[in-house]
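Data block below; observations after.
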Amino acid sequence: MDSTIHIVDHPLVQHKLSLMREKTQPTASFRQLMREVSLLLAYEVTRDLPLETTEIHTPLELMKAPVLSGKKLCFVSILRAGNGLLDGMLDLLPSARVGHVGIYRDPDTLNAIEYYYKVPQDIDDRLVIVVDPMLATAHSGIAAVDRLKQGGAKHMKFVCLLAAPEGISAFSTAHPDVPLYTAAVDRQLNEHGYILPGLGDAGDRLYGTR
Ligand code: PRP
Ligand code: URA
């Protein structure tokens, strides 16, 4: 069984993603667009959250109203570019819990190297939404989900902005139980593991480090 892939093809997401791909987009606009698009991705990934009813008093009468049920969900950002998606998602779900997995891709081997891990203790009881804008080889995404499963996470979703076909195939083979959400599936990886046509290095573009 492969993971379920959700392509978020909402016109606003597609428009904002195209603006982000443009190489002349200044850092501040790139960051702002990432924040806006992540809010829209959060809307899609939370579409099936369970609801329960509770009694509330409107100014006119008592009613049974739907509210989210269960424990608050947990976002896990794969540092550092994951934080670009995290910020917009927290605008929409300000009470969510947050974990961080620090992983970088070795530029020569493209292997995922972990350097930080901190997540809420009761992660096993929460829906965990892992965020990272880029799924290229998927080494980072697979390693993060491996680590979270070791840490007890049972119910996860993975959200990115752009995915390569190679990454989707690797991720869904490694973690068929984790649904994937992406705004686009691009053509292929280049010889350095960058997504084509892509948007370049997401972390560098978010933080102006190159
Ligand atoms: C980028 C990106 C992903 C990873 C994707 O991170 O944010 O984590 O590459 O590539 P993969 O699917 O081939 O593993 P990077 O290693 O550049 O680290 P950074 O976010 O700290 O810049
Ligand atoms: N990481 C990025 O930031 N961009 C890519 O195209 C691939 C990996």
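Quantities reported herein were computed from a predicted structural model and do not represent experimental measurements. When a ligand or atom number is given, it counts from 1 through the structure's own listing order. Quick note: numbers below take in every heavy atom, side chains included, and nothing from hydrogens, waters or symmetry partners.
Between D48 and K157, at least one side-chain nitrogen of the basic residue sits less than 4.0 Å from a carboxylate oxygen of the acidic one, meeting the salt-bridge criterion. One finds no salt bridge joining K154 and D177 here, because no Lys/Arg side-chain nitrogen approaches an Asp/Glu carboxylate oxygen to under 4.0 Å. The residues D201 and R210 are annotated as not salt-bridged, no charged nitrogen and carboxylate oxygen being separated by less than 4.0 angstrom.
Looking at ligand 1, you'll find an N or O of A136 within less than 3.5 Å of one of its N or O atoms. Distances between N or O atoms of A81 and those of ligand 1 include at least one value under 3.5 Å. On a distance-only criterion, R80 and ligand 1 share at least one N/O pair closer than 3.5 Å. Close N/O approach between Y104 and ligand 1 is not found [any backbone or side-chain N/O within under 3.5 Å].
Looking only at heavy atoms of the protein, atom 16 (O) of ligand 1 is closest to R105 N, 2.8 Å. At the top of the distance list for atom 4 (C) of ligand 1, counting protein heavy atoms only, stands S140 OG, 3.5 Å. Among protein heavy atoms, the minimum distance from atom 13 (O) of ligand 1 is reached at T137 OG1, 2.5 Å.
Heavy atoms from other residues, nucleotides or ligands lying under 6.0 Å from CD of Q121 number 12 at most.
Residue contacts with ligand 1 do not include L110, since none of its heavy atoms lies under 4.0 Å from the ligand.
Counting heavy atoms under 4.0 Å from ligand 1, residue D201 touches it through the side chain alone.
Set against the non-hydrogen atoms of D132, the atoms of ligand 1 under 4.0 Å away are 2 (C), 3 (C), 7 (O), 8 (O). Atoms of ligand 1 lying under 4.0 Å from any heavy atom of A138, numbered from 1 in the order shown and given with element: 11 (P), 12 (O), 13 (O).
Side-chain contact between S77 and N83: present, with at least one pair of heavy atoms (C-beta onward) separated by less than 4.5 Å. Side-chain contact between M34 and P133 is present, with heavy atoms from C-beta onward closer than 4.5 Å. A 4.5 Å side-chain heavy-atom check between H175 and M156 finds every atom pair outside the cut-off. Looking at T182 and H6, their side chains never come closer than 4.5 Å, going by heavy atoms from C-beta outward.
Taking the six-membered ring for Trp and the full ring otherwise, F158 and Y181 have centroids separated by 6.0 Å or more.
R205 places a side-chain N or O within 3.5 Å of a backbone atom of M20 that can act as its donor or acceptor partner. In this structure a side-chain-to-backbone donor-acceptor pair under 3.5 Å is present from E166 to L189.
Looking at every heavy atom in both residues, G84 comes nearest to S38 through O-OG, 4.1 Å.
Sorted by chain and number, the heavy-atom contacts of ligand 2 below 4.0 Å come from R105, M134, A136, G193, Y194, I195, G200, D201, A202.
For atom 6 (O) of ligand 1, the protein comes within 4.0 Å by no heavy atom at all.
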